[in-house]
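Single-structure report; data block below.
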Amino acid sequence: MPKEHVEEYLEAVFDIAGKDGTAKTSKVAKKLQNTPASVTEVFQSMARNGLVQYEPYKGVSLTAKGAEAAIKIKRKHRLLEVFLAKVLQLAPEKVHDEACRMEHCVSDEVSDAICRLLNAPARCPGGELIYPCEKGIESCMECQRTAGRSSSGAKRDIVPITDLKPCQKGTIAFLRGSQKVIQRLSDLGLTPGTEVTLRRKTPMAGPIEVCVRRTSLAVGHEIADNIFVEALGAC
Amino acid sequence: MIGFPGTRSTSSFSSSSKRGCKDVDLVVALAGNANVGKSAVFNQLTGVDQIVGNWPGKTVERAEGTLQYHGRTIRVIDLPGIYSFSTYSMEELVSRDFIALERPDIVVNVVDASALERNLFFTVQLLELEANLIVALNQIDLMEKKGISIDYKKLEEILGVPVVPTVATKGKGISELTEGIVGLADHRRVPPAIRYGREVEDRIESLVSLLDKIEIGYPRRWLAIKLLERDEAITKHIAATDPRIVRAAEDLAKEIERIHGEPSGVVISAERYKIADEIAREVQMIRTYEDTLTDRLDRIALHPVLGYVAIVAVIGGLLAWTFIVGAWISGILSLAFNSIEQFEPVVSGPIGDILWNGAFTGFVAGVTLVIPYVLPFYIILAVIENSGYLTRISLMLDRGMHKLGLHGKAIIPLILGYGCNVPACFSCRIMETPKQKLIAAFLVTLVPCTARTVVILGLVAAFVGVWWAVGLYVLDIILIIILGRIAFKIIPGESVGLIMEMPSYHVPSAKVVLKQTWARTKSLLWIVFPAYIIGSAVLQAIYAAGWLNPVNSVLGAITVDWLGLPAVVGILLIFGIVRKELTILMLAVIFQTTDFAEVMSPVQLIVLALVTMIYIPCLATILSLAKEFGWRKASAITVFEVAFSIFLGGIAFRLLSLIM
Ligand SMILES: Nc1nc2c(ncn2[C@@H]2O[C@H](COP(=O)(O)OP(=O)(O)O)[C@@H](O)[C@H]2O)c(=O)[nH]1
């Protein structure tokens, strides 16, 4: 099966999967405009490759390997969207389809270069979060400078702070955003290496409450998306 | 402008006031994070009633007061609460220039003992500015409750400056603080410089040597640090004198970034926090502690459903309480006054009688119509402000405020606006960008302040129906949302998101609440009551002189033909420009009755209340808008609101006439 095909399926499952991580075959079929029967067939072969777990009648869920691949392709897709819209000035309605076609043939090196060119954008034009790259580096700034050199560092579990669960702890890895906002956050104690606890999330992408050095901060969702932490255990 | 603290001096930072008076012996500045108790310390030192409140960003304007101690006159200046001396906000810039350039004799660093690390982060910066520093370790009562103990002596040793534990709300430690201040003035201590990690320290030192010949008032080491942080204002400053230094600093900053992989400003902040953390670790002992009160209350206040119910309940409750208690007191007072003297029109006879009668009516109307509503409102507002709940409302409504180009913090000025628009306009400074400040202030002027509440309650709730009054409030909120949305689209500029400290809840102390209510009511009595009395007397005189009708007939096209109101309303709306509640007071004077149902139809009462609610920000608000944003913007807002209210009033008149 072509790589392109597999990636489309991974993305579809990633998008559709609900809270428990499973996606119904019928929904995936609908999204990819295919018949449930042929979709099932693809899933079975993907399951053999260790990308998904497939349970008849229940649906399909991504394995760790599958999720990683899905996130990578999502990242490429969204970075391409920003690139097409911001740099090539393509009409917004065309951006998605173009990115869908291009994402499969863009190498990691190229997508990282786009990331650097665009100064590590946080969100794509559609508003979804762009995942950080999986390099084991301290910050996007370092990436800017070490351009070209491919990194080998150990992979860490770095996620936006908004991905932590309430009561989960994390260590600040790096911040993204305008210089002013970054300075403000670090002045309030969110400096790299500091341990923080996510106190609370509010619904509908409202602000989050973070506990740092025994003080409590409310941070708007867009800003919080740009605070990356290394996730630690729940309390 | 009910509630504008009359005792508060509002001199601007730029006016060099340090030695304004010859007889001042010492100038003391209070500096510290937001919400640490600076205003409480200030009030204790000076006896001035600065508003105390449990939300960050409250002291936005420099307040001043004096204190006599052993024959010395000490001037105390309360600086705005800030977390750092970067240039994130105007307040930070202005405070650091004040400390560095105007050189107060002493800087008192008020510190929240229960959040030592973050507060020491700021203390370190004050030491870098080479302020003559004394630390007031405040809120030690709360600190103890939280299971923390601090070795004050050791802290004093490490920092190299005096440390005095205080409980500002109870006045504990204040005399020791005063003694410390005077002692420090006589014997200045020079604390040791605070050292950063090697990579940063070496670069600071090499920059300091380059700065040898620079004389611009700031300490050199501090300048070097700011240059490495790429501080905009300082970089520009130095570039004007010697661009080579700036280039050298840029290279050094790049080196730091190469080593740490972070912007140099962030690296230096992180290092500073490391220093603060280390000092805190040396001096404090923490037993495990759970803030169960805050935790439990937040489970409701920040609950996805109950949280919103709570907001409606609290704000609705505030207004309902104001109305119920207000109407009750108002009823009692009116009865009392009616038994003393009957309202009787005095339109002929000696001019003295006319004026006296006018003045008396104005006084009675003020006492029976305004005070009863204002007092209960301010009591509850003070309770809400001191509890810490305002920040929770901010958090819950953040998402919605984004639609208006604002963020959650803007809800604080809006709620304060229900008290008085003037301080609410000033508190819009807690917003970060000029665009957000302007939108917030514009929306504040649309919020019905207590003066307008008096009109709405006095005309509509009392004589048409409570639900019609509620309807007006709801309509007002809808208008704020729509106009805010439009303003967001029209006004150019950037908007930033929410970053706000969340204080833990306090049970507000009765003393603080009563003091605050009194401070706000006092200014009403001394400044505003004369306006009622004089306005009322002038109105009677105009009436007696026969000028009333010419004025009213000029405005008749709008008031009578378009709005369907009685002709006398013309003059009322003119008086209302000075103060909104004058409309209702003067109505009582003109008709010689407070039973407005006798003289106006329900539709007229509603339309009058609606127009009064939005037709113009009162004079004091216009002035403060002009002060904050310039005359062009202030006039634009004023003209728009006048036109809009007339438009809306005419439509309301026609619609309501169909159904009532
Ligand atoms: N328990 C306690 N509360 C305090 C103390 N000092 C101030 N507060 C409270 O802390 C809050 C903030 O005080 P305020 O003076 O307005 O702080 P500012 O923003 O630094 O001026 C208010 O609710 C005060 O009542 C103290 O020493 N002990």
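Chain letters run A, B, ... following the sequence lines, proteins first and then strands; every chain starts at 1.
- E232(B) has no carboxylate O lying under 4.0 Å from a charged side-chain N of K180(A), or vice versa, which leaves the two without a salt bridge.
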*Stepwise, does the side chain to side chain contact (heavy atoms under 4.5 Å, CB included) test hold for Y273(B) with R213(A)?*
CA-CA 10 Å; Y273(B) 260 111; R213(A) 292 192 173 83; 3.2 Å; yes
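- Note that SG of C211(A) is 10.5 Å distant from CE of M502(B), once rounded to the nearest 0.5 Å.
- Proximity to chain A is absent for every atom of Q125(B), based on heavy atoms less than 4.5 angstrom apart.
- Within the 4.5 angstrom heavy-atom criterion, no atom of I268(B) approaches chain A.
- Using a 4.5 Å cut-off between heavy atoms, S114(B) contacts chain A through its backbone alone, with no side-chain atom that close.
- With a 4.5 angstrom heavy-atom cutoff, D277(B) touches chain A only via side-chain atoms.
- A salt bridge is absent between E501(B) and R214(A): the closest approach of a Lys/Arg side-chain nitrogen to an acidic carboxylate oxygen does not fall below 4.0 angstrom.
- When the candidates L188(A), I182(A), T215(A) are compared by the number of heavy-atom contacts under 4.5 Å with chain B, L188(A) comes out ahead.
- Contact of P207(A) with chain B is made through backbone and side chain together, with heavy-atom distances under 4.5 Å.
- Interface check for chain B: of the options L217(A), V219(A), L185(A), the most heavy-atom pairs under 4.5 Å are formed by L217(A).
- Interface remark: of the candidates H402(B), H407(B), M396(B), H402(B) forms the most heavy-atom pairs closer than 4.5 Å to chain A.
- Residue I82(B): no heavy atom, backbone or side chain, is found under 4.5 Å from chain A.
- Between chain B and the options G189(A), A205(A), A218(A), G220(A), heavy-atom pairs under 4.5 Å are most frequent for A218(A).
- With chain A as the partner, the residue from L116(B), D112(B), L302(B), T294(B) showing the most heavy-atom pairs under 4.5 Å is L302(B).
- Between A270(B) and T191(A), the closest heavy-atom pair is CA-CG2, 3.5 Å.
- Between the CD atom of E209(A) and the CZ atom of R392(B) there is a distance of 6.5 Å, given to the nearest 0.5 Å.
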